[in-house]
Amino acid sequence: MFVSIEFWLFVAVVLVLYYLVPRRWQNGLLLAASYAIYVYLEPRFVLLLAGLTLFNFWLGRRLVAGAPGRSGYWWAGVVVNVGALALFKYGTGLADIVSPVLVKLGMANEPWVVNLLLPLGLSFYSFRALAYVFDVYNGQVEPERNLIDFGVYIAFFPQIVAGPIMRPKVFIDSLKTGRPFSQQNVVDGLTFIFMGLFYKVAIADPLFSTMTTSAGGLGELTAGTAWSEFILYTIRIYADFAGYSLLAIGVSTGFGMPVVQNFRQPYFSKSPGEFWDRWHVSLSSWIRDYIFYPMSRSLLRRWGNQRALLIQVTAFLVSMTLSGMWHGTGLKFVVWGALHGLYLSIERVFFPRARAKPKKGTPKWRIWGQAVVGIAVTLVAVSVAWVFFRMDSLTGAIVFFQRMFSSNPFDEINGLWRVKVLVPIGLILLIDIPQALTNNPLVLWQLRLFWRVLFCLLLLLGIFIFGSQTNAPFIYAGF
Amino acid sequence: MRRLFMQDFESPRTLGQLGLLVVLIVVALVASDWLLGRVLPLITIEPPFILRLQNVPGVEKMWAFAEEGIQPIVFTGSSQLYTGISPALFNDRIKTLSGSALSSLSITIGGGVVTIQHDIIQNFIIPRHPQLIIYAIEMQALTPILQNGYPVEDFRNKPFGYAVSRTSTLERDVLLWLLEHSNWMRYRDNIREWMTGIRTINQFDYAPILTDDLGFFRLPQTEMIVNPNPIKNGYATYYDTPETRQLLAEIESACRQNNIPCLLLNMPLHASAYDIIPPETELEYQRVLHQTGLPVWDFNTPECRVLFGEDMFYNLNHMNELGAAVLSPMVAEVYTHVFYDMPIEGNATCAALSP
């Protein structure tokens with residue numbers, strides 16, 4: 001979506017109209033534009049999008065405190081939204097498991113052939129809908145009475161394919177006020193888009209690899225190549241998704257719509273817990289608020305405070321495994337999620353002060369040393385988990401690890417290998433370090449003029465030189 | 001340290017500030033482009049990777065001639081041309097025969113089928129007003145299955161190929177101007193390959209000493225490689241199609257409308273190639289060549305094939321250095337005959353000229 005000229009022309013036209021039409025028409029225009037894009041990209045499933053929107057809108061008023069049978073409606077909301085997601089994500093796999101059993105039992109003549117496609121953006125807009133159901137039920141937001149505004153919340157086109165997963169309160173509240181033209185919004189939006197293009201076009205796309213991800217095809221992989229793939233995929237998935245998020249944020253900002261900062265230089269995290277505060281923030285906070293906290297509270301009520309540690313570990317493992325299952329089908333995603341649950345549990349049990357501020361008087365070398373070790377360990381742990389995420393299967397991941405240690409990789413490390421690996425690392429550091437030092441995604445505007453021009457020049461040349469012609473798809477658009 | 005790079009505040013983010021930033025970036029871009037032009041010769045001997053490296057000198061020379069106001073004779077064609085005709089030897093022979101000092105060069109593309117040559121002649125060569133265009137053609141250039149295959153894709157993926165194949169005149173002219181004048185544009189693919197670990201600086205897939213600045217690629221004399229597959233795939237499968245005829249007609253029309261003389265030079269094949277090419281295919285090809293309305297200088301006659309021995313070929317369809325040393329003066333002799341009305345003597349009499 002964000003890589004075609006047609007899309008940007010469409011955005012430009014809609015943006016001009018958006019600021020020309022009366023304010024009361026702005027939301028209608030956004031809804032029309034969102035559905036136009038969705039029909040263009042995924043005409044087969046537009047009725048599913050519309051259907052889920054209407055259903056959740058209808059449900060809203062039945063969830064408020066005092067409404068008769070509201071817990072039943074709450075369950076209906078969960079079942080329909082999660083069910084739609086599960087049906088399309090797991091339907092094919094489930095049919096493969098269930099139908100042979102039915103054949104054996106004589107309840108079917110032959111196994112079913114089911115090949116369901118995952119509707120574009122379903123993982124993201126179903127979670128937006130669920131957030132609405134939960135928040136209305138908990139009294140955190142009022143049920144929405146304007147179908148157009150609610151439709152925009154579910155289908156807002158810059159965010160429908162791969163997020164960020166916005167919460168209803170912030171998003172719908174902003175729809176209630178007019179959004180006059182703002183120079184700052186346009187400049188901020190363009191800045192985010194520029195940085196997003198750098199992540200996507202200059203860093204992620206050139207790392208698009210044709211390496212096979214199936215266990216059977218990995219036998220020929222040399223140790224040196226396996227190590228470079230191990231490192232480069234870690235960079236690619238971050239640059240790809242952070243780039244996508246910045247593009248989505250940039251377009252949203254141009255329309256004056258609120259967004260969350262979805263990535264905050266996650267590879268500088270000093271612990272797994274910090275990593276999940278910085279990586280795919282809109283999903284991790286969703287998981288935290290709607291799965292981890294409710295589950296922890298529920299378990300605390302049943303098991304009591306004396307088992308707080310066990311409760312936290314359980315909640316980490318369950319919520320992260322569910323997060324893995326949200327990403328896709330197959331045991332590999334379960335393992336990926338569970339592995340992160342394990343990392344968080346280890347941090348909680350063995351390093352409970354990992355994220356605490358250093359005590360006054362701690363020597364600087366010690367603070368720095370701990371930070372470097374923390375970043376290195378977290379980065380390696382996250383990269384190991386990405387192998388499960390990337391490969392076709394669990395076996396594929398195991399074979400990949402075997403290949404990494406099949407011979408001495410240093411035998412293969414030459415000048416070209418170093419360039420291939422170090423240049424993308426350099427590019428990531430170029431754009432991430434200034435943001436991390438200032439904790440400001442718009443760091444560009446905080447740099448002194450000379451450095452601002454130089455920084456922009458380097459980003460521009462990066463896009464120009466490394467700009468790939470592969471048109472690699474956004475990884476997260478596949479979820 | 002931080003204060004060296006950062007302000008304590010964010011600059012106002014207005015369209016005016018953005019405009020100022022864009023202007024400063026453009027200035028910085030121009031300055032860095034100039035600087036790159038000074039630095040690159042210190043670190044590399046590579047030509048800019050705007051085409052396959054061995055095809056770049058001819059294009060560069062065309063730009064240089066245009067800059068100097070010289071109207072050259074332009075040979076254009078595929079790899080058969082860049083190994084088979086040396087513009088330098090052609091120039092020398094003309095000077096010997098007529099006393100005229102002409103300039104010529106060779107603009108070639110590996111796998112340059114008519115789809116590619118159509119774009120190059122129409123969009124690159126003709127706008128630079130050469131004295132004469134000699135399209136060195138071969139049967140393979142018209143083979144239908146090659147018109148949309150790898151050679152065309154490869155060509156259009158290179159910056160120069162991408163630029164000349166644009167249908168928008170404005171886009172094409174801007175890109176070609178940048179490819180001629182901007183070092184970032186010219187060396188983008190070189191820098192990308194160095195920095196993505198594809199190859200090291202100055203690591204060529206050919207010896208640069210083998211090409212000259214006029215676009216001739218000298219294939220040293222070696223034992224001929226007898227591989228019939230290129231002939232089977234590119235020549236014996238030739239048949240006439242309206243699409244390829246249309247491309248030739250458009251070349252003829254563009255030459256005529258711009259008052260630039262153009263002609264077809266049929267490149268020689270080794271005699272053994274005709275063990276594979278059916279006679280009716282050759283006849284059909286000849287018919288198409290002569291239907292274009294362009295003069296044809298045919299150096300692939302049976303008489304010429306007898307003349308070009310095995311030691312003059314690198315393989316069945318590419319001449320080697322020795323072959324080029326024989327063919328280039330022969331073409332010059334035909335040139336002086338046609339344009340200076342001088343008699344043809346010696347080897348060149350094997351060529352068939354029409355009309």
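In what follows, chains are A, B, ... by sequence order, proteins preceding strands, each numbered from 1. These numbers come from the heavy atoms of this one structure, side chains and all, not from hydrogens, waters or symmetry mates. The structure presented is a predicted model; accordingly, all values stated were derived computationally and were not measured.
- Across A/Leu460 and B/Ile25, no two heavy atoms sit closer than the pair CD2-CG2, 3.9 Å.
- Remark: B/Asp213 CG is packed, more than 12 non-hydrogen atoms of other residues, nucleotides or ligands lying under 6.0 Å away.
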Show your reasoning for whether side chain to side chain contact (heavy atoms under 4.5 Å, CB included) applies to A/Val187 and B/Thr14.
-> CA-CA 7 Å; A/Val187 173; B/Thr14 61; 5.7 Å; no
Check against side chain to side chain contact (heavy atoms under 4.5 Å, CB included), B/Ser11 and A/Arg452 | CA-CA 11 Å; B/Ser11 295; A/Arg452 191 182 313 159; 2.6 Å; yes
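- Shown here for A/Val419 and B/Thr196, the closest heavy-atom pair between the two residues is CG1-N, 4.1 Å.
- In terms of heavy-atom pairs under 4.5 angstrom with chain B, the leader among A/Leu207, A/Leu444, A/Val423, A/Val186 is A/Val423.
- Judged by distance alone, the side chains of A/Thr191 and B/Arg13 never bring a donor and an acceptor atom under 3.5 Å apart.
- With a 4.5 Å cut-off on non-hydrogen atoms, A/Trp451 touches chain B through its side chain but not through its backbone.
- When B/Ile191, B/Val26, B/Leu4, B/Ile198 are compared by the number of non-hydrogen pairs under 4.5 Å with chain A, B/Leu4 comes out ahead.
- Closest non-hydrogen pair, B/Ala28 versus A/Val453, comes out as CB-CG1, 3.8 Å.
- Here the side chains of B/Gln7 and A/Trp445 are not in contact, with every heavy-atom distance at 4.5 Å or above.
- Heavy-atom distances place no part of A/Val421 under 4.5 Å from chain B, backbone and side chain included.
- Remark: B/Arg192 is not positioned above the aromatic ring of A/Phe466, lacking an NZ or CZ atom under 6.0 angstrom from the ring centre and at most 45 degrees off the axis.
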Carefully, step by step, assess B/Met6 and A/Leu447 under the rule side chain to side chain contact (heavy atoms under 4.5 Å, CB included).
-> CA-CA 4 Å; B/Met6 305 282 180; A/Leu447 290 169; 3.7 Å; yes
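- No more than 12 heavy atoms of other residues, nucleotides or ligands lie within 6.0 Å of CZ in A/Arg366, so this atom counts as exposed by the packing criterion.
- Residue contact with chain B, scored on non-hydrogen atoms closer than 4.5 Å, involves the backbone and the side chain of A/Phe464 alike.
- Note: A/Leu461 leads A/Leu461, A/Leu422, A/Leu449 in heavy-atom pairs under 4.5 Å with chain B.
- For a residue to count as touching a neighbouring chain, one of its non-hydrogen atoms must lie under 4.5 Å from one of that chain's; by this rule A/Leu190 touches chain B with the side chain only.
- In this structure, the portion of A/Asn440 lying under 4.5 Å from any heavy atom of chain B is its side chain and not its backbone.
- Interface remark: A/Leu454 contributes no atoms to any contact with chain B (heavy atom separation under 4.5 Å).
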Verdict with supporting geometry, A/Leu437 and B/Phe5, side chain to side chain contact (heavy atoms under 4.5 Å, CB included) = CA-CA 11 Å; A/Leu437 288 177; B/Phe5 298 100; over 6 Å; no
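- The environment of A/Ile5 atom CD1 is sparse: at most 12 non-hydrogen atoms of other residues, nucleotides or ligands sit within 6.0 angstrom.
- Between B/Leu15 and A/Phe181 the shortest heavy-atom distance is CD1-CZ, 4.2 Å.
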